[in-house]
Each structure stands twice: as C-alpha cells, then as structure tokens.
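A quick write-up on the structure given underneath.
Just so you know, these numbers come straight off a predicted model, no measurement behind them.
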Amino acid sequence: MIDMSDSNGAADWAADWNEISEGLRKDLGAQIHTQWIRPIRPGSFEPGSGMLNLHLPSEFSANWVRERFADRLALAWKIVRPEVRSVTIAAAPREADAARPRALSPQPIAPAPRPAMSETGNRISLDPSQVFTGFITGQSNVLAFNAAQRMAAMEKPLFSPLYLKAATGQGKTHLLHAIGNAFAEVNPGARICYCPAEKFMNDFVSAIQRGDSMAFKARLRGFDMLLVDDIQFIIGKNSTQEEFLHTIDAILGGGKRLVVTSDRAPQALDGVDQRLLSRLAMGLVADIQPADIELRRAIITARIETMRMGEVPEEVIEFLARTISRNVRELVGGLNKLMAYAQITGQKVTLPLAEEQLSDLLSANRRRITIDEIQRAVCQFYKVDRSEMSSKRRARAVVRPRQVAMYLAKVLTPRSYPEIGRKFGGRDHSTVIHAVRLIEDLRTRDADMDGDVRALLQQLES
C-alpha cells in the first residue's frame with residue numbers, strides 16, 4: 001500500500017488530483033465543485049488491487065459524493081493513472097481529525113441571555129409531530145433529508161445556511177419542523193424559532209408601526225436556530241429584505257444556524273437584493289423533487305400503518321400511488337379521506353370505493369398518457385422500430401417489446417382490450433389479454449423484466 005502522506009510520489013498524486021479536480025469543475029460547475037469535489041483528498045493506493053482510497057471531511061459528504069460521482073471519479077483517475085482500476089470514497093480516518101479546523105468538532109451551543117418572547121419556552125411555533133422518523137425518504141428527497149439531519153446534529157454543520165427548495169406539498173415544511181425538533185433534543189436549552197416568511201414580514205412591519213423595531217431585531221437575532229419558511233414571499237419588499245439580510249448576517253456571524261425554504265432556487269428569486277441572494281446561495285441548496293411512484297407507495301404504506309384503521313388492499317395502494325402524483329400532501333389527504341369515509345360508513349376499502357370518493361382529486365391529478373406515447377417509449381427503450389408495434393412479425397426481439405407495450409397500455413390508460421388491440425395492428429382482444437397476463441407473470445419471476453417495466457413506468461409517469 002502506498003500512503004500518500006509519506007510517499008515520495010505524494011506530490012505527483014496531488015498534481016494529478018489538481019488536474020482531475022479542475023476538469024470536474026468545468027463539467028459540474030463552480031458551486032458543486034466547491035462544496036463537494038474540492039475537499040476530496042487522495043488517501044492511499046493499493047498497487048495489487050489497483051484501489052485508490054479517496055477521503056472527504058465527513059461521512060455525510062462521502063456518502064453524497066459516492067452516490068453521485070463514484071463512476072466519474074474512477075474514470076477520471078483511470079485516464080490519468082492507468083494503474084488505478086477502482087476508487088473507494090469514505091470519510092477521512094479519525095486520526096486526521098486533529099488536523100481539521102476546530103469548528104468541525106462537536107460544540108454544544110453555549111447558554112446566552114434569553115430573549116423576550118411572547119410564546120412560552122424555547123421552541124417557537126414548532127410542530128412537535130413533525131419529526132424525522134415520520135419523513136419517508138426516497139431517491140427524490142434523500143439529499144435534503146440527510147442535509148437536514150446534519151443541520152440538526154450537535155456538531156457544527158459544514159454548510160450554512162441550508163436552503164431547501166421544493167414545490168408545494170413535497171415535504172419541505174415537514175423537514176423544517178423536524179430540524180428544529182431534533183436540534184432541541186440534542187440542545188435542550190437552545191432557542192429555536194420557526195417563522196413563515198410572511199409572518200416575518202408582517203411582524204417586522206408591525207414592529208415599525210409600534211416604534212418597537214429594535215426589540216424585534218434583538219429578539220429575532222437571539223435565537224440559536226432560525227427556520228424561515230417560503231422566503232419567496234419576501235420578494236419585492238425592500239425594507240423587509242434589508243432586515244432579513246441583517247438577520248442572516250447576525251445569525252451566521254454568531255455561529256448559529258439558519259434554514260430557509262422556497263419553491264424555487266435562489267437564482268430564480270426575481271427582485272431579490274444581490275447581497276441577500278449571495279447569502280442564501282453560499283451554503284447548501286438541497287432540492288426535493290416530486291415523489292416518484294416508489295416513494296408514493298412507501299408513504300401510503302407508512303401512513304396506513306400509523307393510522308391503524310384496517311387493511312387496505314394492495315390494488316388500492318397501487319392505484320393511489322399511480323394516480324395521485326402531483327404532491328405528497330394531496331396523496332396523504334386523499335388516503336385520509338378514503339379511510340375516514342370507510343370507517344364512518346362501515347364499508348371496506350376497495351378500489352371502486354376509492355374511485356368514487358376521490359373522483360375530484362383523481363381527475364385533477366390524472367395525466368392523460370396515450371398509447372402512442374407508450375409505444376414510442378417502449379420502442380426507444382428496446383431499440384426497435386415503431387412499425388414493429390403493428391407488424392405481424394413473430395421474432396422474440398419484437399414480440400416481447402410489443403407485449404410490454406400492450407401491458408403498459410392496459411395499466412396506464414382507460415382503454416379496453418379491443419381498443420388496445422386496434423392500436424397494435426388490429427389485433428384481437430384475446431391477444432392483448434394474453435400479453436397482459438404474460439407480462440404480469442414474468443414480472444413476478446424475472447427480475448430483469450420487472451426492472452424494465454418499472455423503468456418504463458417511471459419514464460412515462462414523470
């Protein structure tokens with residue numbers, strides 16, 4: 001094993017890393033490069049296996065880079081150093097901790113004079129029911145979730161502020177409350193405030209009208225953690241922006257924690273003072289994408305277990321997950337309505353009952369997927385010509401994609417078997433039924449087929 005810290009060739013490895021890092025900066029952009037790539041350091045190299053160990057300052061950043069850039073880093077090193085056959089990405093060994101800046105070591109927040117509060121206690125407007133254990137994660141929100149947990153930990157975060165960006169109903173407010181509640185658990189004496197941006201603006205204006213603006217500022221800046229929701233509502237209000245800017249500087253300058261949310265990225269906030277924009281973008285911007293179907297299934301299942309109001313058939317879970325796709329809030333609201341109606345009336349939860357009771361919500365969420373769209377997607381996926389969907393050819397290379405397309409047409413559209421058959425070269429409805437049943441069976445026995453169908457479903461429903 002070659003240890004980079006004492007090897008005579010350490011300088012050469014460092015020079016190679018500088019070259020690779022600069023190339024990644026051009027590919028990924030300055031913000032991602034500065035936050036995630038530049039902190040990487042070559043650790044040790046194992047000549048026998050060709051394994052190069054790469055280190056980052058924390059387990060969080062190592063996981064984030066590993067999930068997104070492991071293949072790219074391995075390829076870059078192979079090009080520069082052919083002897084490198086693979087890379088590992090991990091947090092730096094603990095013995096390196098002493099060499100790191102002291103700010104990265106765990107530091108409890110020191111007690112400070114308690115600011116005047118109209119509310120009782122140290123937790124202002126936090127919803128105690130919104131916690132990390134109740135937040136279901138998936139590929140679309142795992143970065144934001146991990147970043148939120150890091151912000152709530154005892155140790156000082158590597159980034160500040162944390163900026164959570166998500167459309168309405170995707171869970172950013174839940175995460176905001178969860179951060180505050182978790183931080184309060186590890187720092188019982190910490191002063192934490194959750195504040196919607198609109199309330200911040202209204203309270204500031206009221207304080208000015210009362211001639212009490214200095215007390216307002218002192219109170220706000222006395223918190224150890226400030227959680228500001230939906231900052232897009234501050235846009236265009238110059239005086240409020242100015243005060244918010246000073247508040248950010250006071251919070252961050254005092255080594256305290258700031259988390260903000262918005263429905264758009266900082267750069268997309270029109271009419272924002274450039275000084276405020278730079279403060280918001282200087283930390284970590286974590287995006288929460290709309291929940292994919294796997295995450296929607298998981299959310300429904302977890303909610304059912306929490307409610308303990310009886311069993312819900314798998315076909316109902318699948319139906320809700322596929323149909324209510326605009327946001328998580330509507331998904332949970334629809335499930336709550338269905339379960340409450342079933343309990344009040346004494347009926348069993350069935351697919352017809354779900355379709356009847358949630359008709360308005362389902363109609364608003366339903367995106368019309370056409371058989372033509374399905375055929376195009378399947379042909380592109382399997383690399384077959386579009387004409388094969390209607391041809392009479394029986395070669396396996398075209399029959400199986402055609403059967404998959406028929407199956408998806410039945411799952412994703414309201415078309416009947418005869419209607420689907422007509423779109424596939426005038427085939428009989430019995431042919432379509434056979435295709436649907438065959439693919440259903442193959443999905444239970446063939447992992448590759450199930451993976452193909454899942455990938456196509458995700459592509460068509462996104």
With under 30° as parallel and over 60° as perpendicular, where do the rings of F145 and F135 fit, or are they tilted in between? parallel
Student check: side-chain heavy atoms of M282 and S278 closer than 4.5 Å: no
For the residue pair R264 and A268, what are the closest heavy atoms and their distance? CD-O, 3.5 Å
The test is side-chain contact (heavy atoms from CB on, under 4.5 Å); show your working for L226 and I248 and say whether it passes. CA-CA 9 Å; L226 181 60; I248 289 177; over 6 Å; no
Does atom CD (E355) have a neighbourhood of more than 12 heavy atoms from anything else shown, all under 6.0 Å? yes
What pair of heavy atoms forms the shortest contact from M406 to A435, and how long is it? SD-CB, 3.7 Å
Quick check against the 3.5 Å criterion: does Q403 have a side-chain atom that pairs as donor or acceptor with the backbone of H434? no
List the atom of P39, the atom of P57, and the distance in Å for their closest heavy-atom pair. CB-CD, 3.9 Å
Are E155 and R150 close enough that some pair of their side-chain heavy atoms sits under 4.5 Å apart? yes
Cationic N near anionic O, under 4.0 Å, D229 to K172: no
Report the distance from atom CZ of F319 to atom OG1 of T350, rounding to the nearest 0.5 Å. 10.5 Å
Between W77 and R72, is there a cation-pi geometry (under 6.0 Å to ring centre, at most 45° from the normal)? no
Quick one: are I371 and R415 in side-chain contact, heavy atoms under 4.5 Å? yes
So that I can tick it off, tell me whether R275 and E242 are bridged by a salt bridge, with the cut-off set at under 4.0 angstrom between side-chain N and carboxylate O. yes
Run L258 and R279 through side-chain contact (heavy atoms from CB on, under 4.5 Å) and show every step you take. CA-CA 11 Å; L258 174 67; R279 304 300 198 283; over 6 Å; no
So, K78 side chain and V84 main chain: donor-acceptor pair closer than 3.5 Å or not? no
Atom pair CD1/OG of I192 and S125 - distance to nearest 0.5 Å: 12.0 Å
Taking E373 for its side chain and T370 for its backbone only, find out whether a donor-acceptor pair lies under 3.5 Å. yes
Taking the side chain from T413 and the backbone from A409, do they hold a donor-acceptor pair closer than 3.5 Å? yes
Whether Q170 side chain and R326 backbone form a donor-acceptor pair below 3.5 Å: yes
Close side-chain approach of H55 to N53, heavy-atom, < 4.5 Å: yes
Between R41 and L56, is there a donor-acceptor pair closer than 3.5 Å when you use the side chain of the first and the backbone of the second? no
Please determine whether side-chain contact (heavy atoms from CB on, under 4.5 Å) holds for the pair I439 and R400, giving the CA-CA distance in whole Å, both sets of side-chain angles, and the decisive distance to 0.1 Å. CA-CA 9 Å; I439 299 303; R400 190 52 47 81; 4.0 Å; yes
Evaluate the side-chain contact (heavy atoms from CB on, under 4.5 Å) criterion for residues W17 and L54: first the C-alpha distance (whole Å), next the side-chain angles of each, then the deciding distance (0.1 Å), finally the verdict. CA-CA 10 Å; W17 170 239; L54 303 177; 5.6 Å; no
Q289 versus N141: any side-chain heavy-atom pair under 4.5 Å? no
Contact between F69 and I89 at the side-chain level, heavy atoms closer than 4.5 Å - yes or no? no
Any donor-acceptor pair under 3.5 Å linking the side chain of R85 with the backbone of S49? yes
In terms of heavy-atom contacts, does NZ of K392 have more than 12 from other residues, nucleotides or ligands at under 6.0 Å? yes
Whether the side chain of D385 engages the backbone of S387 through a donor-acceptor N/O pair (distance < 3.5 Å, no angle test) should be reported. yes
Are more than 12 heavy atoms from other residues, nucleotides or ligands located less than 6.0 Å from atom CD of E419? yes
Can you name the closest pair of heavy atoms from Y407 and E440 and give their distance? CE1-CG, 3.4 Å
Once you round to the nearest 0.5 Å, how far does CD1 of I20 lie from CG of L73? 8.0 Å
Are any of the side-chain heavy atoms of M449 and V404 separated by less than 4.5 Å? yes
Work out which heavy atom in Q267 is nearest to a heavy atom in L277; give both atom names and the distance. N-CD1, 3.9 Å
Side chains of D452 and Y382: do they bring a donor and an acceptor to under 3.5 Å? yes
For L126 against P128, the heavy-atom pair lying closest together: O-CD, 3.3 Å
Determine, stepwise, if the pair S390 / R427 fulfils side-chain hydrogen bond (donor to acceptor under 3.5 Å, both in side chains). CA-CA 8 Å; S390 301; R427 285 177 162 78; 5.9 Å; no
Does a side-chain heavy-atom distance below 4.5 Å link F183 with L227? no
Approximate separation, where rounding is to 0.5 Å, of N146 CG and T137 OG1: 8.0 Å
Salt bridge (charged side-chain N to carboxylate O under 4.0 Å, His left out) evaluation trace for D292 with R454: CA-CA 11 Å; D292 58 25; R454 285 178 180 272; over 6 Å; no
For D441, run the salt bridge (charged side-chain N to carboxylate O under 4.0 Å, His left out) check against R445, R443, R437 and tell me which one passes. R445
Basic-acidic side-chain contact under 4.0 Å: D16, R81: yes
